[in-house]
Amino acid sequence: MSVVELQGVSKSFGRDVTALEGIELKIEQGEFISLIGPSGCGKSTLLRIMGDLVEPSSGRVVVNGKTARQARIDREYGIVFQDAVLFDWRTVLRNISLPLELSGWDRRRRKGRVREMLELVELTGFGDHYPWQLSGGMQQRVSIARALSFDPALLLMDEPFGALDEMTRERLNLELLQIWARSASTIVFVTHSIAEAVFLSTRVVVMSARPGRISDVVSIDLPQPRTGLTREDPHFFELVTEVREALHLGSDGERGTAQASAGDPAV
Amino acid sequence: MRRYLADAAVLARKDVLLELRGRETLPAMVLFVVSALVVFHFALPGEQSRLAALGLLWVAILFTALLGLGRAFVAEREHRLLDGLVLAPCDRSAIWLGKVAATFVFLLLAEAVALPAFQLFFSGIDGPTVAAVLLADVGICAVGTLLAAMASAGRARELLLPLLFLPLAIPIMIGGVGAATVEHPARYLGFLGLYDVLFAILAWASFEYVVTE
């Protein structure tokens with residue numbers, strides 16, 4: 001069974017802005033999918049549609065066999081945003097345990113699960129710290145731990161490392177892959193970085209802008225587990241080039257269409 | 001249904017707890033309504049009519065409510081938690097109901113100070129006026145919470161909320177002033193009740209659309 005299934009999904013804002021058009025995508029259990037495309041191509045909107053934060057104008061969204069709305073209510077997915085969005089007045093421990101508190105887990109069970117999560121994101125010993133005592137990267141790891149705490153089938157990540165410096169970003173990429181391998185969840189990841197998308201993913205979904213469409217899907221066959229050396233593999237560069245060309249083809253196609261429309265005397 | 005009400009209660013409790021810890025909204029509402037009544041007391045001539053004073057009471061209540069409504073989504077907006085709130089594993093209308101309940105409590109507490117203050121500065125408050133105030137509170141909170149959610153997503157939110165809210169609050173003013181001033185207020189109280197039911201259903205049904213568009 002697919003974890004996410006999008007059939008003919010479109011999204012318009014008002015009459016004039018078509019953000020997404022005819023999106024067809026199936027994401028299988030255990031996949032790591034990156035959505036990449038130029039600014040304004042609707043990749044975040046697509047992620048938000050999967051997360052029931054935005055209602056599609058048309059089409060069908062199925063998450064773990066349920067509607068996006070039911071999946072939200074049943075906590076089938078966790079979301080990580082670009083900002084860690086932690087509660088300043090709660091310790092790391094209590095930030096991670098918040099979804100469990102809301103789900104009615106008892107204190108003992110919560111404590112055990114939070115300990116597991118802290119180990120997963122390698123923050124053991126930081127449970128009693130407050131968010132403002134942590135670096136940006138550590139805060140984002142807390143946010144990931146919180147999103148994974150209730151063991152969701154799907155993790156949606158909207159440019160989670162976009163605000164971090166390159167070194168921290170590369171380190172967190174490696175850590176995210178380790179977390180993904182250990183948690184066995186399915187991840188949908190929005191990014192602007194081609195290298196990041198290729199390094200992390202099993203498939204890269206390339207989107208074109210205005211209206212946002214899936215222009216290509218590139219399978220990433222780099223061996224697992226990936227390490228720092230993966231970035232130096234010639235095949236990694238080949239895949240980066242392939243995704244870059246797919247991106248250019250997508251945007252050139254759009255430009256070509258726009259130019260053809262502009263040059264068409266009938267228009 | 002039980003689960004739905006429990007979700008709304010949890011969300012309302014969160015806002016009440018935040019207020020108890022932060023003490024930002026309620027003191028401002030109380031201070032505002034009392035200050036407004038003091039200003040009105042000195043603004044009206046010595047032999048002011050009871051009718052004019054009651055009209056001013058409703059103006060004070062409406063603007064005090066506006067103050068509370070303006071802060072209904074501040075905690076979520078300031079901490080960029082609106083998405084988190086909308087992702088809560090419950091029916092989205094429960095978020096609206098929770099916010100309505102919390103704002104209703106704050107408004108009720110502000111009025112618990114305002115009505116005695118009105119008695120002190122102007123004249124006595126009768127039963128129909130209290131009933132009208134309670135009915136008006138329901139309508140104010142029901143409509144106002146929906147509009148506050150709409151405004152919180154916009155840029156000019158401080159301007160947007162009064163511009164959207166005040167025209168919709170005119171029937172509340174008419175019903176409230178009417179119930180407080182006529183001899184047989186049942187018709188006006190019925191009107192306020194009808195307004196509450198109608199707008200509560202509309203706001204309840206459209207809240208999800210407002211927060212996901």
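Proteins get letters first, then strands, A, B, ... in listed order; numbering begins at 1 in each. Just so it is clear, the values below take in all heavy atoms, side chains as well, and ignore hydrogens, waters and symmetry mates.
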Measure distances from A:Tyr77 to the heavy atoms of chain B and classify the residue's part below 4.5 Å as side chain, backbone, both or neither. side chain
Counting N and O atoms only, with roles assigned by atom type, does the side chain of A:Arg72 sit under 3.5 Å from a partner on the main chain of B:Cys90, one being a donor and the other an acceptor? yes
For A:Arg69, is there an ion pair with B:Asp91 - N to carboxylate O distance below 4.0 angstrom? yes
Would the number of heavy atoms belonging to other residues, nucleotides or ligands and lying under 6.0 Å from CZ of B:Phe32 be above 12? yes
How would you list, in number order, the residues of residues 83-96 of chain A that have a heavy atom less than 4.5 Å from chain B? A:Asp83, A:Val85, A:Phe87, A:Trp89
Answer yes or no: are there more than 12 heavy-atom neighbours, outside A:Arg171 itself, under 6.0 Å from its atom CZ? yes
Are there over 12 heavy-atom neighbours, none belonging to B:Lys14, within less than 6.0 Å of that residue's NZ? yes
Mind ranking B:Leu87, B:Asp7, B:Val10, B:Val86 by heavy-atom pairs under 4.5 Å with chain A and telling me who comes out on top? B:Leu87
What pair of heavy atoms forms the shortest contact from A:Arg48 to B:Asp83, and how long is it? NH2-OD1, 2.8 Å
Distance from A:Asp52 atom CG to B:Arg92 atom CZ, nearest 0.5 Å? 4.5 Å
Check this for me: B:Arg13, atom CZ, are more than 12 non-hydrogen atoms of other residues, nucleotides or ligands nearer than 6.0 Å? no
For atom NZ of A:Lys66, is the number of surrounding heavy atoms from other residues, nucleotides or ligands below 6.0 Å larger than 12? yes
Within a 6.0 Å radius of atom CH2 on B:Trp58, are there more than 12 heavy atoms belonging to other residues, nucleotides or ligands? yes
